Amino acid sequence: MAHILIVEDDQDINNLIAKNLKLVGHTYRQTFDGMEAVKMITENIFDLVLLDIMLPGIDGFEVLKKTSAEPIIFITAKDGLEHKLNGLSLGADDYIVKPFEMLELLARIDVVLRRAQKNTTIFSLDNAVVNLSDRTVTVGGELVDLSPREYELLEVLIKNQNIALSRDKLLELAWGYDYMGETRTVDNHIQKLRSKLGWEERIKTVYKLGYRLEVKR
């Protein structure tokens, strides 16, 4: 699930979007002002920004120019072709006009998130950088030697960041359905990843369940 910033000055619409995002499992932050949106985007990590155009302070176009945030879905009452082309030319991934059906918005969010995830090849956290394309890992610029299984486990944690996964689920995703080993195998590999990546405080133990890669939003 994604962490989404809602930038919309109409409080009722903002809250309605927030309620529906929560219902389908996303987390979110809310703001009603253009300059506040710039501050939040600059200081936090979001998987997606839902951005109104007409905002107090500065408009959505200026927010995008000042932050280069991505991915972006513009949500606006401005339905003219000129405004749509302007938004898309600035790098927005989609453009939806008010009033809209909530199910349509949620569907468009899913499409944009899938596209963004597919195109993401670099994951960085603290001093570690993981290239998901060529399966290399560096810490402080130095290449880290991971076993194939350690890397598979790492990739599962990254793709499910901030989600608690049971040991059985980690075995299923990283080792495969046919793995017949014990769940303590997961514990051993987790300890190695923590040590090699310096993620002792990032890979959290979830009591009586398993582990979670904690990425501060």
Side-chain angles (χ1 to χ4, degrees), residues 1-5 21-29 40-49 68-72 93 106 109-217:
M1 293 294 100
H3 189 52
I4 299 173
L5 176 63
L21 291 179
K22 184 177 181 180
L23 284 174
V24 298
H26 297 304
T27 59
Y28 61 87
R29 301 265 315 265
M40 293 177 71
I41 293 169
T42 302
E43 296 178 353
N44 299 273
I45 298 173
F46 296 101
D47 299 305
L48 173 67
V49 178
S68 299
E70 58 180 29
I72 289 280
D93 296 83
L106 294 175
I109 288 172
D110 285 344
V111 169
V112 170
L113 288 173
R114 286 199 301 269
R115 188 189 306 142
Q117 185 176 33
K118 182 178 179 181
N119 293 334
T120 299
T121 59
I122 302 295
F123 175 83
S124 60
L125 182 63
D126 300 334
N127 291 323
V129 178
V130 182
N131 189 317
L132 299 170
S133 178
D134 62 18
R135 297 169 64 96
T136 58
V137 181
T138 59
V139 174
E142 298 292 327
L143 193 65
V144 176
D145 183 25
L146 297 182
S147 71
R149 197 60 65 197
E150 288 168 357
Y151 179 82
E152 293 294 338
L153 180 58
L154 172 61
E155 191 167 295
V156 168
L157 291 170
I158 290 172
K159 290 181 177 179
N160 295 275
Q161 56 191 266
N162 295 318
I163 298 174
L165 298 172
S166 69
R167 291 172 175 83
D168 287 335
K169 190 64 176 179
L170 289 169
L171 281 174
E172 173 190 319
L173 295 174
W175 275 260
Y177 286 99
D178 57 350
Y179 181 74
M180 302 299 292
E182 298 181 355
T183 56
R184 64 185 177 189
T185 299
V186 174
D187 299 334
N188 293 333
H189 282 73
I190 287 290
Q191 292 307 317
K192 290 177 181 178
L193 284 179
R194 282 172 169 164
S195 177
K196 290 182 178 182
L197 302 180
W199 283 0
E200 289 83 358
E201 299 302 318
R202 290 294 188 178
I203 303 178
K204 300 289 188 179
T205 300
V206 182
Y207 183 62
K208 290 187 177 181
L209 179 66
Y211 298 96
R212 177 184 72 249
L213 175 60
E214 189 168 282
V215 179
K216 185 178 181 181
R217 299 297 192 177

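In this chain, residues are counted from 1 in sequence order. Since this is a predicted model, take the numbers as computed values, not measurements.
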Passes side chain to side chain contact (heavy atoms under 4.5 Å, CB included), E214 versus E201? Steps please.
CA-CA 8 Å; E214 189 168 282; E201 299 302 318; over 6 Å; no
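- Side-chain contact between L157 and L170 is present, with heavy atoms from C-beta onward closer than 4.5 Å.
- Between I163 and K169 there is no side-chain heavy-atom pair separated by less than 4.5 Å.
- In this structure the side chain of I109 never reaches within 4.5 angstrom of the side chain of V24, judged on heavy atoms.
- Remark: E142 pairs with no residue by the salt bridge (charged side-chain N to carboxylate O under 4.0 Å, His left out) rule, at least two apart or across chains.
- By the side chain to side chain donor-acceptor pair (under 3.5 Å) test, S166 is found to be paired with no residue, residues two or more places apart in sequence or in another chain being considered.
- Under the 3.5 Å distance criterion, the side-chain polar atoms of D47 are left unmatched by any main-chain donor or acceptor of I4.
- Between W199 and F123, the ring-plane angle classifies as perpendicular under the 30° and 60° cut-offs.
- With hydrogens and angles ignored, the 3.5 Å screen pairs a side-chain donor or acceptor of R167 with a backbone N or O of L209.
- Taking D110 as the reference, nothing meets the salt bridge (charged side-chain N to carboxylate O under 4.0 Å, His left out) condition, with sequence neighbours excluded.
- In this view, K22 and Y28 satisfy the side-chain contact (heavy atoms from CB on, under 4.5 Å) rule, not counting sequence neighbours.
- Counting heavy atoms from C-beta on, the side chains of Y211 and L193 never come closer than 4.5 Å.
- Counting only distance, with no hydrogens or angles, the side chain of N131 and the backbone of T136 share no donor-acceptor pair below 3.5 Å.
- Note that the CG atom of L153 and the CG atom of L173 stand 9.5 Å from one another [nearest 0.5 Å].
- Atom NE2 of residue H189 and atom CZ of residue R184 lie 13.5 Å apart, to the nearest 0.5 angstrom.
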Check step by step if side chain to side chain contact (heavy atoms under 4.5 Å, CB included) holds for L197 and D126.
CA-CA 9 Å; L197 302 180; D126 300 334; over 6 Å; no
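- Applying the side-chain hydrogen bond (donor to acceptor under 3.5 Å, both in side chains) test to pairs two or more places apart or on separate chains, those with a residue in residues 149-160 are R135-E152, E150-K196, Y151-E155, E155-K159.
- Here N127 pairs with V139 under the side-chain contact (heavy atoms from CB on, under 4.5 Å) rule; sequence neighbours left out.
- Considering only residues two or more places apart in sequence or on other chains, T205 meets the side chain to side chain donor-acceptor pair (under 3.5 Å) condition with R194.
- Residues satisfying the side-chain contact (heavy atoms from CB on, under 4.5 Å) criterion with T42, sequence neighbours excluded, are V38, T67.
- For D168, there are no salt bridge (charged side-chain N to carboxylate O under 4.0 Å, His left out) partners, not counting sequence neighbours.
- The side-chain heavy atoms of L125 and L213, taken from C-beta on, include a pair separated by under 4.5 Å.
- Annotation for V215 and R202: closest pair CA-NH1, 4.1 Å, computed over non-hydrogen atoms.
- Between the CG atom in L154 and the CG atom in L132 there is a gap of 8.0 Å [rounded to 0.5 Å].
- Note that CG of L21 is 9.0 Å distant from OG1 of T27, once rounded to the nearest 0.5 Å.
- N188 is linked by a side-chain contact (heavy atoms from CB on, under 4.5 Å) to nothing, counting only residues two or more places apart in sequence or in another chain.
- Here the CE-CG distance, from M40 to L5, works out to 5.0 Å after rounding to the nearest 0.5 Å.
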